[in-house]
Amino acid sequence: MTRAGEPLDVLVVGGGATGLATALGCARAGMRVAVLERGPAPAFDPATAPVTRVVTLNAAAMGLLDRLGVQEALAANRAHAFSGMQVWDAHGPAHIRFDADDLGVPELGWTVENAALEAVLWQALRERGVALWPETAWRSVDLRPDRVDVYAEGHAPLASARLVVAADGARSALRERAGIAVSERPYHARGVVATVETAQGHGDTAWQRFDDERILAFLPLGDGRCSIVWSLPELEADDVMAMDDPTFIRELSGAIDGGPGPVTGTSPRASFPLVARHARDYFAGRVVLAGDAAHTIHPLAGQGLNLGLADVDALLRQLAGPNRRDPGDPRGLRAYTRARRPENAMMQRAMDGFRLLFGTRRAGLPELRGAGVRLVDGLVPVKRQLALRAFGLDGIRR
Ligand SMILES: Cc1cc2nc3c(=O)[nH]c(=O)nc-3n(C[C@H](O)[C@H](O)[C@H](O)COP(=O)(O)OP(=O)(O)OC[C@H]3O[C@@H](n4cnc5c(N)ncnc54)[C@H](O)[C@@H]3O)c2cc1C
């Protein structure tokens with residue numbers, strides 16, 4: 001397979017949500033772009049039951065998807081707006097609730113199935129005539145001063161591009177090939193995910209309960225079910241994965257005590273290792289990182305893809321502006337790094353702080369947590385600022 005010739009402006013490696021959103025933004029800005037994905041083309045059928053990989057997206061992420069012209073298609077593929085969020089501590093009086101009405105916004109966020117988001121973006125790219133290469137893997141790359149040449153098995157040329165976006169996920173091979181170092185810190189925990197039915201209904205609210213290191217989220221889906229993310233120490237996660245369904249349902253009902261339970265039914269479960277990673281740099285030569293290839297964080301606040309889409313937004317600004325003449329111009333890539341790396345690092349620290357604050361029962365701490373959270377809950381302007389930041393509403397014009 002030979003796709004050599006005039007170099008592309010941008011080659012995106014990785015057809016997850018980050019890569020596909022980047023490619024769509026580039027195509028809409030008139031750039032010559034292609035997507036290389038080692039897996040099959042994404043597919044989604046809204047007539048089937050919800051699958052286990054679901055993300056909550058905030059207003060900033062949805063704003064980007066709207067500007068990319070896919071928000072309507074997403075709504076037709078089961079994106080679900082929710083208006084409340086409730087967070088509480090299993091071992092103390094800490095309890096906080098956020099409501100869209102109180103914040104003067106129509107919703108706090110959306111639950112979106114990963115497969116739906118990827119399929120909608122893929123379709124939009126196809127309609128624009130963007131070159132999409134599923135089930136294609138690169139074997140080697142030449143990092144040249146003016147372009148990157150990408151080859152398949154046997155040194156067969158795949159593509160040349162003036163900028164390659166590495167959106168190939170947490171274990172990015174392209175990041176490694178570009179020589180970008182990454183710091184890695186395992187949480188020694190796994191995220192167990194499933195789709196469940198509950199007796200009481202979710203009330204369009206995202207529910208989250210902290211029980212020391214165990215953090216359980218119930219995220220509301222459009223069909224009344226909830227997508228759960230249960231972060232557990234590794235050995236406990238293994239036990240939960242090995243349970244039969246009735247035992248799992250019983251344990252889960254106990255763990256969401258005070259929420260939308262009891263649980264009455266479940267899909268099969270899956271689990272993911274939880275690791276914090278951060279690339280030391282976001283670009284090397286003409287290879288730039290975005291999304292999980294640049295950073296991964298604990299899923300406790302559902303921020304991973306929100307940060308990835310914020311990367312996309314920042315990168316597209318450079319590509320459509322200062323880097324219009326040369327997408328690989330290091331000045332624009334440096335500006336992108338400056339815009340995103342400190343922000344992503346801050347979010348990682350915030351997640352770690354949250355885990356430390358809620359992850360211990362040392363004498364007096366649950367009461368102190370309760371007092372602190374009650375204080376925030378009572379201080380309307382502070383709570384409002386916290387919520388606007390958390391839900392990506394600051395800086396959004398409505
Ligand atoms: C349990 C759990 C719950 C989460 N919940 C949330 C949430 O509520 N909200 C949120 O915002 N985030 C959440 N996240 C994080 C979110 O899922 C990720 O941040 C997001 O999916 C990353 O998208 P991505 O496109 O950057 O990477 P990926 O989705 O990993 O996509 C990478 C793509 O690159 C392809 N690829 C890999 N290697 C190659 C190669 N060599 N050549 C070509 N293609 C390649 C892969 O096949 C894949 O399609 C959660 C994560 C976990 C683990």
Side-chain angles (χ1 to χ4, degrees), residues 11-23 34-42 52-58 60-62 64-65 82 85 109-115 117-119 121-122 132-141 150 152 158-159 164-177 187 189-194 206 208 215-221 227-232 237 269-277 279 289-312 315 344 347 351 390-392:
L11 173 69
V12 174
V13 176
T18 303
L20 297 177
T22 306
V35 178
L36 195 153
E37 163 58 44
R38 78 174 164 196
T52 45
R53 289 303 308 275
V54 171
V55 287
T56 50
L57 293 184
N58 64 23
M62 262 315 190
L64 171 68
L65 294 171
F82 60 89
M85 182 166 200
W110 290 260
T111 48
V112 173
E113 290 164 64
N114 288 43
L117 178 54
E118 289 166 8
L121 288 165
W122 188 272
L132 298 169
W133 302 327
E135 299 183 52
T136 307
W138 62 273
R139 282 287 169 268
S140 59
V141 293
V150 182
L158 270 175
V164 174
V165 178
D168 50 347
R171 296 165 70 185
S172 167
L174 201 51
R175 178 184 67 211
E176 197 180 325
R177 171 64 187 88
Y187 288 113
R190 296 183 73 84
V192 175
V193 296
Q208 190 162 38
I215 305 164
L216 176 57
F218 272 53
L219 309 173
L221 297 175
S227 170
I228 66 132
V229 182
W230 200 359
S231 308
L232 292 165
R269 283 148 261 164
S271 83
F272 300 89
L274 304 182
V275 180
R277 295 185 187 83
L289 311 181
D292 274 21
H295 46 75
T296 58
I297 62 170
H298 197 286
L300 75 87
Q303 289 298 323
L305 186 56
N306 288 303
L307 298 180
L309 291 175
D311 294 348
V312 174
L315 186 58
N344 292 330
M347 189 58 87
M351 291 308 108
F391 299 117

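Reckoned from all heavy atoms, side chains included, excluding hydrogens, waters and symmetry mates. Start at 1 and go down the list; that is how both ligands and their atoms are numbered.
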Atoms of ligand 1, numbered as shown, that sit under 4.0 Å from any heavy atom of A17:
25 (O)

What are the atoms of ligand 1, with element, lying closer than 4.0 Å to any heavy atom of N306?
11 (O)

Give me the residue, atom name and distance of the protein heavy atom closest to atom 8 (O) of ligand 1.
T56 N, 3.0 Å

Nearest 0.5 angstrom please: E176 CD to R171 CZ, how far?
10.5 Å

Of all the non-hydrogen atoms in the protein, which one sits nearest to atom 41 (N) of ligand 1, and at what distance?
W138 NE1, 3.5 Å

Main-chain N/O of T56 paired to N306 side chain as donor or acceptor, under 3.5 Å
yes

Side-chain contact test, heavy atoms from C-beta onward, threshold under 4.5 Å: evaluate it for D311 versus T22 and give yes or no.
no

Using a strict cut-off of 4.0 Å, indicate which atoms of ligand 1 neighbour a heavy atom of G16.
25 (O), 31 (O), 33 (C), 49 (O)

Who's the nearest protein heavy-atom neighbour of atom 53 (C) of ligand 1, and how far?
F272 CB, 3.8 Å

If you define the side chain from C-beta out and look only at heavy atoms, does anything of N58 sit under 4.5 Å from Q303?
yes

What's the spacing between W230 CH2 and R190 CZ if we round to 0.5 Å?
15.0 Å

Around atom 47 (O) of ligand 1, find the nearest protein heavy atom and jot down its residue, atom name and distance.
E37 OE2, 2.7 Å

Evaluating non-hydrogen atoms only, which member of P42, G169, G304 is closest to atom 27 (O) of ligand 1?
G169

Taken to the nearest 0.5 Å, the spacing of T296 OG1 from L274 CG works out to 9.0 Å

With heavy atoms and a 4.0 Å threshold, my read on which part of N114 contacts ligand 1 is side chain

Closest to atom 4 (C) of ligand 1 among protein heavy atoms sits P299 CB, 3.9 Å

Answer yes or no: is there a donor N or O on one side and an acceptor on the other, between the side chain of T18 and the main chain of A290, under 3.5 Å?
no

Is the shortest side-chain heavy-atom distance between W133 and L11 below 4.5 Å?
yes

I need the nearest protein heavy-atom contact for atom 19 (O) of ligand 1: residue, atom name and distance, please.
D292 OD1, 2.7 Å

List ligand 1 atoms under 4.0 Å from G291, heavy atoms only on the residue side.
26 (O)

For ligand 1, which atoms have a heavy atom of A167 less than 4.0 angstrom away?
32 (C), 33 (C), 34 (O)

Within the structure provided, determine whether P220 and T111 are in side-chain contact (heavy-atom separation under 4.5 Å).
yes

With atom 44 (N) of ligand 1 as the reference point, say which of H298, R177, R139, R38 has the nearest heavy atom.
R38

Heavy-atom nearest neighbour of atom 5 (N) of ligand 1 within options V54, L274, V13, L305
V54

Evaluate the side-chain proximity of Y187 to S231: yes if any heavy-atom separation is below 4.5 Å, no if none is.
no

So how far is it from L309 CG to L117 CG, rounded to the nearest 0.5 Å?
7.0 Å

For the residue pair I215 and H298, establish whether any side-chain heavy-atom pair is separated by less than 4.5 Å.
yes

Proximity winner for atom 14 (N) of ligand 1, if only heavy atoms of V55, L20, V229 are counted
V55

Nearest neighbour in protein (non-hydrogen) for atom 9 (N) of ligand 1:
G302 O, 2.9 Å

Gap separating the CZ atom of R175 from the CG atom of D292, nearest 0.5 angstrom:
9.5 Å

Out of L219, T22, V312, D168, whose heavy atom is nearest to atom 36 (N) of ligand 1?
D168

Provide the number and element of each atom of ligand 1 under 4.0 Å from a heavy atom of T18.
23 (O), 24 (P), 25 (O), 26 (O)

Mode of A173 contact toward ligand 1 - side chain, backbone, both, neither (heavy atoms, under 4.0 Å)
neither

Using a 4.0 Å heavy-atom cut-off, which part of R53 comes near ligand 1: side chain, backbone, both, or neither?
side chain

Below the 3.5 angstrom mark, is there an N/O of V193, backbone or side chain, next to an N/O of ligand 1?
no

